[in-house]
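Here's the structure, in structure tokens; my notes come after.
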Amino acid sequence: MKRTVAVVSAGLTTPSSTRLLADQLTAAVRDNLDGRGTQYEVKVFELRELAQDITNNLLTGFPSKELGEVLEYVVRADALIAVTPTFSASYNGLFKMFFDVIDDKALVGKPVLIGATGGTERHSLVLDYALRPLFAYLQAIVVPTGVYAASSDWGPHAVALRARVERAALELVDAMSNYRPTQVDPYANPVSFEDLLNG
């Protein structure tokens, strides 16, 4: 059975440490799935590239065709990796807006690996005080190990970061093996404004 993994990165710059962490988490999940002989597909989505579409969706209630396809993939995926930079001790606005346009029942029971980046270690509580509550509200299943990467983690302490990444990836793949997608209501799929106009 082929498994699908959606990766959402809310970094605002290119390159960004947020995307770097997302890539490390994705690679670790891939390695774990390869080790189990599991067929899979992984898609990475940079929210920065969808910022205008996300804003328009909040204003109009309708996603663009591109955003609709991203939302559908995230909702239907067997697992989600969600990574955000830390802004004011929380996730950034782009990250929040993206999950605001997803139906609040669409991620029920879905395994989620959370990650965050920030300048110093003192922001690491963002995982437990911001990200976990968000996904608890959405009734997703967040794996026990969240991964926070401070600026110092990319230097000599990269080994410690790698250990956390590998542990979190293992937990996500274990959770995926027990995940059975719920039947999706065909009438609940996002419909773009363009599709409505074109009939």
Side-chain angles (χ1 to χ4, degrees), residues 5-32 42-52 54-55 58 70 74 77 79-102 104 107-176:
V5 181
V7 184
V8 171
S9 172
L12 300 180
T13 60
T14 304
S16 75
S17 58
T18 301
R19 177 57 190 266
L20 180 58
L21 178 59
D23 287 346
Q24 288 200 10
L25 292 168
T26 301
V29 168
R30 286 179 182 273
D31 289 345
N32 213 289
V42 177
K43 287 191 178 182
V44 181
F45 303 107
E46 284 274 11
L47 298 188
R48 181 178 55 83
E49 297 172 358
L50 298 165
Q52 188 69 53
I54 293 170
T55 301
L58 286 171
V70 173
V74 169
L80 171 65
I81 298 172
V83 188
T84 178
T86 305
F87 280 29
S88 302
S90 187
Y91 34 70
N92 70 2
L94 186 57
F95 187 87
K96 179 62 163 62
M97 288 196 309
F98 178 76
F99 287 101
D100 280 345
V101 300
I102 291 179
D104 60 7
L107 301 184
V108 173
K110 188 184 301 296
V112 178
L113 192 170
I114 56 174
T117 58
T120 66
E121 294 84 353
R122 66 190 179 93
H123 292 303
S124 62
L125 291 176
V126 66
L127 295 173
D128 292 325
Y129 287 93
L131 288 168
R132 285 190 191 279
L134 170 65
F135 288 106
Y137 170 76
L138 296 172
Q139 300 179 60
I141 305 300
V142 181
V143 300
T145 303
V147 181
Y148 177 83
S151 298
S152 58
D153 284 316
W154 304 111
H157 303 293
V159 173
L161 174 62
R162 183 64 189 173
R164 297 198 302 273
V165 166
E166 291 178 352
R167 184 169 67 247
L170 173 61
E171 292 169 357
L172 185 69
V173 174
D174 283 344
M176 285 173 62

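All residue numbers in this chain count up from 1 along the given sequence.
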### Query
After noting the C-alpha distance and the side-chain angles of V5 and T26, does the key distance pass the side-chain contact (heavy atoms from CB on, under 4.5 Å) rule?
CA-CA 9 Å; V5 181; T26 301; over 6 Å; no
What one should report as the nearest heavy-atom pair of L161 and Q24 is CD2-OE1, 4.1 Å
Rounding to 0.5 Å, atoms CZ (F98) and CG (L58) come to a distance of 11.5 Å
Y91 vs V126 side-chain heavy atoms within contact, under 4.5 Å: no
inquiry  = Within the structure provided, determine whether L113 and E171 are in side-chain contact (heavy-atom separation under 4.5 Å).
reply    = no
CG (L94) and CG (L47) are apart, to the nearest 0.5 Å, by 5.0 Å
Just by modelled atom types, is the A150 backbone N or O under 3.5 Å from a matching donor or acceptor in the D153 side chain? yes
Side chains of I141 and V112, heavy atoms from C-beta outward: is any pair under 4.5 Å? no
Closest non-hydrogen contact found for F99 with A82 is CZ-CB, 4.3 Å
Between A10 and N92 the two heavy atoms that sit nearest each other are O-ND2, 2.9 Å
Separation between CZ (R164) and CG (L21), nearest 0.5 Å, reads 9.0 Å
Here the pair of heavy atoms bringing L127 nearest to G146 is CD1-C, 3.7 Å
Just checking, is any N or O donor in the side chain of S16 or R48 under 3.5 Å from an acceptor N or O on the other one?
no
In this structure, CG of L12 is separated from CZ of R19 (nearest 0.5 Å) by 14.0 Å
Of all heavy-atom pairs linking A168 and V147, the shortest is CB-CG2, 3.7 Å
Side-chain donor-acceptor pair present, T18, S9, cut-off under 3.5 Å: no
Here the gap from R167 atom CZ to T145 atom OG1, rounded to the nearest 0.5 Å, amounts to 4.0 Å
| Centroid-centroid distance, F95 to F87, less than 6.0 Å | no
Output for pair (Y148 OH, R122 CZ), nearest 0.5 Å, gives 8.5 Å
Residues A116 and T86: closest non-hydrogen pair is CB-OG1, 4.1 Å
Would you mind reporting whether I102 and V74 have side-chain heavy atoms less than 4.5 Å apart? yes
